[in-house]
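All values below were derived from every heavy atom in this structure, side-chain atoms included, with hydrogens, water molecules and symmetry-related copies excluded. First the proteins, then the strands, lettered A, B, ... as listed; each starts at 1.
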Amino acid sequence: MKALPLRFNYEFSRVYRRAAFATGRYMTVHVFHRPKGLKHNNTRIPEDILRVGFCASKKQMGAVGRNKARRLMREAYRHLEPRIREGNDIVITLKCVDELPSYAEIRREMEVLLSRLKVLKAGACDDEKSVDQDREVLSEEHIT
RNA sequence: CCGACCGACCGAGGCAAUCGCGGGCACCAAGUGCGAAAGCCGGUGCGUGAGGAAAGUCCGGGCUUCACAGGACAAGGGUGCCGGGUAACGCCCGGUGAAGGUGACUUUAAGGAAAGUGCAACAGAAAAGAAAACCGCCCCAUUUGCUUCUCGAAGCGAAUGGAGCAAGGAUGAAAAGGCGAGGUAAGAGCUCACCGGCGGUAUGGAGACAUACCGGCCUUGUAAACCCCACCCGAAGCAACGUCGUGGAAGGCAACCGUGGUCCGCGGGCCUUAGGAGACGGCUUGAGCCUGAGGGCAACUUCAGGCCACAGAUAGAUGAUUGCAUUUAACAGAACCCGGCUUACCGGCCGUGUCGGAAAA
């Protein structure tokens, strides 16, 4: 199941106001478990989907830096998504930092923060293993 | 060869593999899916997907709605040498004047100061009408010192007072045209030559202007101070605007349902209107790009042929990992669209381009 983007300002504020959050060196993750039957403008939101929003501070970076940060976060999220429990609204905010962290750092920290918030599924190890296996397969292909 | 000047071009560094994203086309799926409606929600393949500044939002348009639908004036704002280009411009091209540079060349908010008003600090005697005099120059008068001799005169000074001057010094960003000669007690456009400025005439030029001659004898700077003159300008912006619009609002109800014995009434329901959320459109083919031939010094333009490869997202699509080669990368991300300007910037590359110097001939 693919995640939908969070769109409206009130949705973001709901997450910030009522969500559980965890903070790391580079980012803050807010997770809000949607109550059942929540509607947006008279249309029911399906209960088995994830919705996610990425934020980057406007202060230090220009539009290019902001885009880059969002892309890195989205890429990290894409790899972690199958392991996240459905029915949550998530907002991930990048902190003000001097230098943009690398993809590996972002991914590691995102994983830690999400597990601290207990939104990762129980049998997540298998997925991770499969991802690693994929990577190994890839590298083997290149060697040969 | 060295040092410059001018102009143009390129720029997410390239390639490959895997995973992933936006939108286009083709094909395949199409559901008791979600919605009141409009509409939204898949898979595979193929090709495609940020810039020279996308930026600042400083000008000029297109487009859209509103206003006026005629003209004049005023207010407010803008522009400001001349001619041309353009859809238009405060932009561009070509020229004129001025300033700078040995030069190639560069810069130029460049209308009017004789319509009027204001301002010109400090310094300075005096800073805007013709006045003023600190040092100074010159003449006269009085007093006095020295020298000379024919012994009461001459010469050279000094002090005080009076009259004249604006050459020199000094002040200043700027001191009332400049410089030389005549002139004079000393001086002064007082007179004259040349130069500058102003006015007039003639010639050349499309014009800004240029050149020549004549005249009187001269009038500071500032209009990125008010102002005057000429010309131009309706307002707001894609969150414009259009379509669909549950709820809520306003109006209506002959018929329907509930309440009721019946009517009125009330509630539901239905119809109409504008329309807040929201959805979709607007949204990319355009003053377009390329080639050739004319016109023009050029900006640009005319004609002919060819091309749709040249993004269209909507919380906002370009990323990640790995490998390769000698491989490092600035400023920076479309948001309705064009034409400019301005600002930021790693480097590279080009020109039978031009100038100065050196060397050689």
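As the counterpart of A158(B), U143(B) is assigned, both hydrogen-bonding distances of the Watson-Crick or G-U wobble pattern falling under 3.5 Å. Partner assigned to C307(B) is G288(B), using Watson-Crick or G-U wobble distances below 3.5 angstrom. Checking A210(B) for Watson-Crick or G-U wobble geometry (two distances, each under 3.5 Å) identifies U203(B) as its partner. Base pairing of G281(B) is made with C241(B), judged by Watson-Crick or G-U wobble geometry with both donor-acceptor distances under 3.5 Å. Across all strands shown, C324(B) forms a Watson-Crick or G-U wobble pair, both distances under 3.5 Å, with G14(B). In this structure, C34(B) forms a base pair with G39(B), meeting either the Watson-Crick or the G-U wobble geometry with both donor-acceptor distances under 3.5 Å. Base-pair partner of C134(B): G169(B) (Watson-Crick or G-U wobble, both distances under 3.5 Å). Checking C19(B) for Watson-Crick or G-U wobble geometry (two distances, each under 3.5 Å) identifies G319(B) as its partner.
Using a 4.5 Å heavy-atom cutoff, the side chains of Leu80(A) and Arg107(A) are in contact. Tyr77(A) places a side-chain heavy atom less than 4.5 Å from the side chain of Leu50(A). Taking 4.5 Å as the limit, every side-chain heavy atom of Arg85(A) sits out of range of all side-chain heavy atoms of His33(A). Side-chain contact between Leu113(A) and Ile92(A) is absent, with no heavy-atom pair separated by less than 4.5 Å.
The same atom, P, is picked in A311(B) and in G24(B); the two are 14 Å apart, to the nearest Å. Comparing G357(B) with G14(B), their C1' atoms are spaced 43 Å from each other, to the whole Å. Taking atom C1' on both G77(B) and C355(B), the two are 47 Å apart, rounded to the nearest angstrom. Taking the P atoms as reference points, A37(B) lies 41 Å from C19(B), given to the whole Å. Taking atom P on both nucleotides, C10(B) is separated from G84(B) by 34 Å, rounded to a whole Å. Separating the C1' atom of G278(B) from that of U246(B) is a span of 10 Å, rounded to the nearest Å. G83(B) sits 28 Å from U354(B) when the C1' atoms are compared, rounded to a whole Å. Taking the C1' atom of each, C41(B) and C257(B) are spaced 38 Å apart, rounded to whole Å.
A close approach under 4.0 Å does occur between a side-chain nitrogen or oxygen of Arg71(A) and OP1 or OP2 of U318(B).
When distances are taken from the side chain of Arg74(A) to each of U321(B), G316(B), G20(B), the shortest belongs to G316(B). You'll find that the side chain of Asn67(A) is closest to A50(B), out of A50(B), G319(B), A320(B).
Classified by its glycosidic torsion, U352(B) falls in the syn category, the angle being within 90° of 0. Anti is the glycosidic conformation of G124(B), whose angle departs from 0 by more than 90°. G351(B): glycosidic angle beyond 90° from 0, hence anti. For A50(B), the base adopts the syn conformation, since its glycosidic angle falls within 90 degrees of zero.
Between the CZ atom of Phe54(A) and the OG1 atom of Thr93(A) there is a distance of 10.5 Å, given to the nearest 0.5 Å. Atom CG of Leu117(A) is separated from atom NE2 of His30(A) by 9.5 Å, given to the nearest 0.5 angstrom.
Atom P of nucleotide G333(B) and atom CZ of Arg66(A) are separated by 8 Å, given to the nearest angstrom. U322(B) atom C1' lies 13 Å from atom NE2 of His79(A), rounded to whole Å. Rounded to whole angstrom, the span from the CE atom of Met73(A) across to the C1' atom of G20(B) amounts to 17 Å. Per the geometry, OH belonging to Tyr103(A) stands 11 Å off P belonging to U322(B), to the nearest Å. To the nearest angstrom, P of A315(B) lies 16 Å from OH of Tyr16(A). In this entry the distance linking CD of Glu105(A) with C1' of U321(B) reads 16 Å, nearest Å. C41(B) atom P lies 17 Å from atom CZ of Arg51(A), rounded to whole Å. Rounded to an integer number of Å, the gap from Leu80(A) CG to G20(B) P is 16 Å.
For the pair Leu72(A) and Phe12(A), nearest-nucleotide mapping onto RNA chain B gives the more 5' position to Phe12(A). Each of Arg70(A) and Arg78(A) lies near RNA chain B, and the nucleotide nearest Arg78(A) is the one positioned closer to the 5' end.
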Run the salt bridge (charged side-chain N to carboxylate O under 4.0 Å, His left out) check on Arg78(A) and Glu75(A) step by step: do they pass?
-> CA-CA 5 Å; Arg78(A) 189 171 71 81; Glu75(A) 180 71 14; 3.0 Å; yes
